Structure formats: structure tokens, C-alpha cells
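For reference, the structure is listed below as C-alpha cells.
Proteins get letters first, then strands, A, B, ... in listed order; numbering begins at 1 in each. Being a predicted model, the structure only gives us computed values, none of them experimental.
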Amino acid sequence: GAVVSQHPSWVICKSGTSVKIECRSLDFQATTMFWYRQFPKQSLMLMATSNEGSKATYEQGVEKDKFLINHASLTLSTLTVTSAHPEDSSFYICSARHGRGLQETQYFGPGTRLLVL
Amino acid sequence: GDSVTQMEGPVTLSEEAFLTINCTYTATGYPSLFWYVQYPGEGLQLLLKATKADDKGSNKGFEATYRKETTSFHLEKGSVQVSDSAVYFCALTTNAGKSTFGDGTTLTVKP
């Protein structure tokens, strides 16, 4: 199946710094990618939809100036957590949309665990 | 709005037992239905999917049938293994491309 990678897989940073997370579709082009946040033992919470060549669409309650998304190419989307604070510590997962219509499927990256001290 | 309701966990089974994880949904139109599996510390992996009513998705011994009349997509496996221990998510994607996930069901299989 289609492969999506994320980098880094683990990051520990000091409060107030910014952290960039990359999401790449390795063997297909993805005009649409998604960014999720997952708290321990909970489901995925959609943060934003990233569209290549245009601004991301953020879900209600997600601060767009806090979580900057750039979909620079058909295989790369980045999420930057700006001025990170301990409450931003979480597991961030991206996915990329593959296929069209009934064959459309999301393929997920392995996730990035962020710990803000 | 759209929603996915999964059987609450955790579910604990002995090896070779039969597994059922219930999933029901509400959505407008005709969504595609998915089961994803998440192993500890990892992202989600697509387990199986079904795109229209009466379709059966299957993979690695797991099966689920898209039942439009009962709006269900229950996951089943005839004989579970310890390696099946993970969190299982039921999800739907609408024709507009919007996805909704269930809360996840933790499965633990004991030897």
C-alpha cells in the first residue's frame, strides 16, 4: 500500500521554542493531507486539512497562528508548532489522501511524539 | 453531523478466541467505511475497507461487512493471536472527503 513518513518520530523541546514536523507521501502524490492530534488513550482529533498550493483549513478551536501548516509540494506537508508550551505535548499524526471517489483512502504516517518541557 | 460509535473497551480475549468489535455509524449519503489498527507508539495502519453496501472488507483474517440497513461495520476475526493486541478504530469518509473516527477499542489477547 501507499507509504507516508513523518519526521521526526520523537522530539523534546523547551517551552517557547518552535518545532517543525514533516509529513511525506513516499510513493504517491497527495494534493490533500491531514493533521491529527491524539491524546493518550483517545481517538484522533482532526486539526487541519492541508491542501497543496493553498492555505490550510483549520478545524474549529485550532489556532492557525499556533499550528502553522505549509503544503509545499505534492509530497510534503509541514506542521510547525510555534512557541510550544507543555500543553502542546501530544502525539501528532498526519495522513495523506490517496485515490479518488470510492477508492479514496487515507494513509497515515507513524506519528510524531512531542514533549515540551 | 456524522458520527461513529464503537464498542467500548478494553476487550480481553484468550488466544484463538473469536473476536467481534461492533461499529455503527450515522452519515449523510453513502460513506466509505474503514477499520484501522494502531500498535503501541505507532500511527494508524489501514486494516480493511468497504466502499458500498454489502461489500466485505478482509485482511489478515479480519473481516467486516458494510451493512447499510443496520448502519454497521462490525469487525470480526475467527481466531485471534497475541500479535493482534492493539487499538482498533472504525472510521468513515463521506463523499465530500471528510473523515470521522470512532473512539477506538483496545484489544488485549492473552496466551
Side-chain angles (χ1 to χ4, degrees), chain A residues 1-10 21-26 28 30-51 57-60 79 90-115, chain B residues 1-11 21 23 25 27 29-55 57 59-60 66 68 86-108:
Chain A
V3 179
V4 175
S5 71
Q6 274 184 248
H7 178 80
S9 55
W10 251 107
I21 303 169
E22 293 185 348
C23 177
R24 294 182 185 273
S25 55
L26 297 185
F28 66 101
T31 55
T32 302
M33 292 184 174
F34 303 91
W35 287 97
Y36 295 86
R37 186 172 178 177
Q38 186 182 33
F39 292 101
K41 299 187 186 300
Q42 294 187 25
S43 188
L44 282 70
M45 182 192 80
L46 179 63
M47 299 174 66
T49 301
S50 169
N51 297 297
T57 304
Y58 290 81
E59 295 298 302
Q60 193 172 8
L79 168 68
S90 191
F91 193 48
Y92 292 88
I93 305 175
C94 74
S95 71
R97 180 183 284 170
H98 182 262
R100 290 187 174 184
L102 292 178
Q103 301 308 314
E104 183 179 303
T105 301
Q106 282 189 55
Y107 289 93
F108 286 82
T112 297
R113 195 164 299 281
L114 170 64
L115 177 61
Chain B
D2 304 328
S3 69
V4 175
T5 303
Q6 277 183 243
M7 172 176 164
E8 278 193 36
V11 174
I21 301 178
C23 172
Y25 68 91
Y30 303 94
S32 294
L33 303 175
F34 303 83
W35 276 101
Y36 290 91
V37 58
Q38 184 178 34
Y39 298 101
E42 299 183 12
L44 273 67
Q45 298 177 26
L46 176 65
L47 182 59
L48 53 85
K49 69 176 185 180
T51 58
K52 59 184 187 297
D54 299 325
D55 266 4
N59 185 28
K60 299 180 182 179
Y66 191 144
K68 188 162 177 60
V87 182
Y88 292 81
F89 291 93
C90 184
L92 66 84
T93 298
T94 66
N95 293 337
K98 184 122 176 131
S99 295
T100 302
F101 289 81
D103 289 339
T105 302
T106 300
L107 169 67
T108 301

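- Taking the side chain as every heavy atom from C-beta outward, L107(B) and P10(B) never approach each other to under 4.5 Å.
- With hydrogens and angles disregarded, no donor-acceptor distance shorter than 3.5 Å links the side chain of T112(A) to the backbone of W10(A).
- Ring geometry for F108(A) versus Y36(A): interplanar angle of 30 to 60°, hence tilted.
- Both the backbone and the side chain of F101(B) come within contact range of chain A, with heavy atoms under 4.5 Å apart.
- Both the backbone and the side chain of L44(B) come within contact range of chain A, judged by heavy atoms closer than 4.5 Å.
- At a 4.5 Å heavy-atom cutoff, the contact between Q106(A) and chain B is made by backbone and side-chain atoms alike.
- Side chain of Q6(B) to backbone of Y88(B): a donor-acceptor contact under 3.5 angstrom is found.
- Within the 4.5 angstrom heavy-atom criterion, no atom of Y39(B) approaches chain A.
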